[in-house]
Structures are given as C-alpha cells and as structure tokens.
Amino acid sequence: MFKKMPVIAIEEHFWDHELAAESKGSEGVRSPEHLKRLYDLSELRLKEMDEAGIDIQVLSHGAPSTQKLDASIAVDLTQRVNDRLAAAIARHPTRFAGFAALPTANPEAAARELERCVKDLGFVGAMICGLTNGMFHDDERFWCIYERAEALGVPIYFHPSFPDAGVSSVYYDKYAKEFPQVVRAAWGYTVETATQAVRLILSRVFEKHPGLNVVLGHMGETLPYQLWRIDQALKRPGHDVMHFRDHFTRNFYITCSGHFSTTALVCAMMEMSMDHIMFSVDYPFVANKPAIDWLETLQLSHTDMQKFLNGNARKLLKI
Ligand code: MN
C-alpha cells in the first residue's frame with residue numbers, strides 16, 4: 001500500500017570532513033562502511049535511497065555535530081559546514097533537504113545562524129546533538145534560539161550524542177567494554193536525550209514560546225511510554241502547576257529513527273496521535289532496508305500511513 005506514497009526520511013546523517021576532524025575520542029571513530037556513506041552526498045546515497053524507495057532525505061550532521069566545539073571556533077566552522085550542506089542539497093534539490101548545525105557554544109550566534117540557514121539556504125529546521133559542552137539546553141542562555149525557531153516556524157531536533165563523561169563513568173563504565181552500545185543506542189543516548197526533553201518542559205520554555213516545535217528521534221526516546229507516569233507524578237501534592245502531557249503532545253514530534261517496533265509505534269500513536277509521528281531511518285547507522293521491510297508489515301489506514309511517511313513532515317518542515 002505505502003509503495004505508491006512518497007517517503008520522506010528525516011533523521012539521515014552525513015559528515016563534513018572539517019568538522020569531523022574536530023571530533024575527539026571514540027565519537028570520531030566509525031567503521032569504514034559508515035564512513036563511506038557519511039561522506040557521500042550523491043551516488044551511493046541516492047542509489048541506496050532508490051533501492052529502498054526513499055524519495056527525500058532530510059540531512060543532518062551526525063553526532064556530536066557542533067555541540068562540542070569551543071565557542072572560539074564554533075561560529076565560523078558551523079557556517080562553513082552549513083554552506084557545504086546547502087551546496088550538496090542544491091545539486092539534488094528534489095532528493096535532499098537540510099537541518100542546520102548550530103554553534104550552540106555561542107547561543108546568540110546560533111540564533112543568527114538558524115535564521116541565515118532558513119532564510120538564505122532554505123533549511124527546514126536545525127538539529128542539536130547531545131549537550132553543549134556539558135550543558136543541557138533548557139538553560140535560559142539558549143532560549144534566544146527557541147525564540148528565533150518559533151518566529152521562523154521551524155523545529156529543533158534534539159538528537160543524542162555520547163553521554164556526559166561523569167554520567168558515563170557512574171552509569172555505564174562497568175559494562176561499556178563488553179557491551180559498548182550500552183553507552184550509545186542501547187541505553188545511554190536515550191537516557192540523556194529523554195532527560196533533555198523533560199528538562200525543556202520543566203523549564204517552562206513552551207509557556208513562553210508556545211509555537212516552538214521540538215522533534216525527538218528513536219520513537220520519542222521512551223517518553224511516550226512514560227508519559228502517563230511523568231504527568232501524574234508531577235501533579236502530586238507539593239508541585240507547582242505543570243501540564244507536562246499538554247506540552248509533550250502539542251509541542252513535540254517524534255520519529256521512528258532506528259526503532260522499528262510496531263508495539264512501540266502503537267503506544268506512541270495512542271499517547272501522541274498519528275499527527276505527531278514521522279518516518280525516518282537513521283542512515284547510515286541503520287540501513288534503509290530494515291526500515292522499509294518494517295513498513296510493509298504495518299497495518300495502518302491509508303490516512304495514517306500518509307501522515308507517517310510524508311504528510312506530517314511536509315506540514316512541520318514545509319517541504
Ligand atoms: Mn541519528
């Protein structure tokens with residue numbers, strides 16, 4: 001059924017040579033197969049999109065992107081990364097769209113870069129990967145970015161990165177050698193990114209900026225499953241008024257990047273509605289084919305499938 005529908009995948013990564021060279025430690029190390037695909041923004045990528053039936057990739061720089069750059073170099077380097085991404089999109093404008101990288105070490109400059117990327121380069125939003133040099137993004141110093149995103153009508157996608165070193169040593173070190181993914185996709189990414197989202201809501205940034213839209217990958221980083229309990233617990237005696245569920249279901253969108261579970265999708269549909277869930281793969285860390293194979297098994301209505309594969313993305317990202 002879905003094969004007649006356009007497919008937009010919205011958490012699909014590339015790497016920029018100059019930025020990747022700044023990535024220290026194990027985050028900068030990837031397998032040759034991943035590297036080949038991260039650096040390709042033409043033949044191989046398009047061939048693998050065609051084979052799977054993916055019409056459009058919304059491209060974003062892979063983690064940690066620009067979030068671990070020192071403020072002294074972040075602004076100029078991020079502009080060059082965004083300019084090079086814009087040039088790659090311009091070579092295949094019907095197949096690619098882009099999320100801006102932001103030099104969050106300098107929040108005011110990040111807000112200006114977001115505006116430049118949307119207005120001058122045609123980008124459809126921005127992606128922030130992990131913490132900015134150890135800092136969560138609910139801090140008010142980052143709110144100028146959200147004010148700009150709200151004014152421009154584009155979302156901010158919060159993507160994981162390597163967990164904070166102190167957290168990692170207490171939570172994961174014992175098992176990290178035997179099971180390296182426990183720090184990453186198996187658990188560490190989700191803990192940090194879900195915490196990022198919870199803190200954003202608690203900061204009341206959505207009360208000040210009710211038009212701010214946020215995207216989470218990986219089927220919402222466990223939050224749809226936890227939503228009832230978080231919302232109920234925050235209403236217990238002794239708490240200030242906090243409408244957690246309202247903010248999560250109005251201001252947040254999720255994607256199924258790297259998480260192709262039908263039971264998890266059904267949970268998210270029941271908590272958030274199909275209007276807030278979008279397809280994505282997480283290429284090249286996850287291959288296109290398993291994602292498409294999963295789509296074939298989904299028993300969704302035509303309307304819901306359309307929203308999932310392209311309608312919601314078109315509306316939110318104005319593609
Ligand atoms: Mn990803």
Side-chain angles (χ1 to χ4, degrees), residues 6-22 34-63 65-67 69 73-104 109-129 145 148-149 151-157 159 213 215 217 255 257 278-285 288 309-319:
V7 178
I8 303 176
I10 79 162
E11 189 199 305
E12 317 308 323
H13 303 298
F14 75 100
W15 267 11
D16 175 274
H17 284 281
E18 186 187 7
L19 177 54
E22 295 290 332
H34 284 165
L35 288 173
K36 189 165 76 180
R37 289 171 174 80
L38 284 165
Y39 288 125
D40 177 275
L41 285 166
S42 56
E43 281 82 15
L44 176 61
R45 185 175 291 259
L46 290 167
K47 176 175 162 280
E48 293 188 346
M49 287 166 67
D50 289 341
E51 283 166 1
I54 291 170
D55 295 274
I56 296 174
Q57 277 192 347
V58 182
L59 299 166
S60 51
H61 200 284
S65 189
T66 46
Q67 273 55 67
L69 295 177
I73 63 161
V75 180
D76 291 350
L77 174 51
T78 303
Q79 283 181 7
R80 290 194 292 276
V81 171
N82 286 326
D83 285 344
R84 286 190 284 263
L85 175 59
I89 295 169
R91 286 191 282 277
H92 303 283
T94 60
R95 306 302 304 276
F96 296 140
F99 282 129
L102 299 178
T104 46
R112 285 195 298 275
E113 179 64 1
L114 175 62
E115 180 157 346
R116 184 184 80 92
C117 286
V118 172
K119 286 189 171 167
D120 299 349
L121 306 182
F123 286 5
V124 297
M127 181 176 284
I128 292 175
C129 293
I145 300 171
R148 201 70 60 100
L152 292 164
V154 295
I156 306 287
Y157 201 130
H159 185 281
N213 289 316
V215 185
T255 80
S257 57
M278 297 176 287
F279 177 72
S280 73
V281 176
D282 207 357
Y283 181 94
F285 303 115
N288 292 333
L309 295 185
N310 61 72
N312 293 338
R314 285 193 195 288
K315 212 161 154 184
L316 183 66
L317 307 176
K318 302 176 188 75
I319 291 175

Under a 4.0 Å threshold between the charged nitrogen and the carboxylate oxygen, would Arg84 count as salt-bridged to Glu18?
yes

Rounded to the nearest 0.5 Å, how far apart are CD1 of Ile128 and CG of Leu102?
5.5 Å

At what distance, to the nearest 0.5 angstrom, does OG1 of Thr66 lie from CE of Met127?
11.0 Å

Is a side-chain donor or acceptor of Ser257 paired with a backbone partner of Asp282 at a separation under 3.5 angstrom?
no

Nearest heavy-atom contact between Leu41 and His92 is O-CD2, 3.8 Å

Report the relative orientation of the aromatic rings in His13 and Phe285; use parallel for angles under 30°, tilted for 30 to 60°, perpendicular for over 60°.
tilted

CG (Leu317) and CD1 (Ile56) are apart, to the nearest 0.5 Å, by 10.0 Å

Are a donor atom and an acceptor atom from the side chains of Glu11 and Tyr157 found within less than 3.5 Å of each other?
yes

With a sphere of 6.0 Å drawn around NZ of Lys318, does it hold more than 12 non-hydrogen atoms of other residues, nucleotides or ligands?
yes

Which atoms form the tightest heavy-atom contact between Tyr283 and Glu12, and what is the distance?
N-OE1, 2.9 Å

Mind checking the CZ-CD spacing from Arg37 to Glu48? Nearest 0.5 Å is all I need.
4.0 Å

CD1 of Ile156 to CZ of Phe99: how many Å apart, nearest 0.5 Å?
9.5 Å

Sidechain N-carboxylate O distance under 4.0 Å for Glu113, Arg116:
yes

Candidate list Asn288, Leu46, Ile8, test side-chain contact (heavy atoms from CB on, under 4.5 Å), partner Ile54, passing option
Asn288

Test of understanding: with side-chain hydrogen bond (donor to acceptor under 3.5 Å, both in side chains), list the residues that count as partners of Asp76, not counting sequence neighbours.
none

Considering only heavy atoms from C-beta outward, does the side chain of Leu152 approach that of Lys119 to under 4.5 Å?
yes

OG1 (Thr78) and CG (Asp83) are apart, to the nearest 0.5 Å, by 10.5 Å

Passes side chain to side chain contact (heavy atoms under 4.5 Å, CB included), Phe123 versus Val154? Steps please.
CA-CA 9 Å; Phe123 286 5; Val154 295; over 6 Å; no

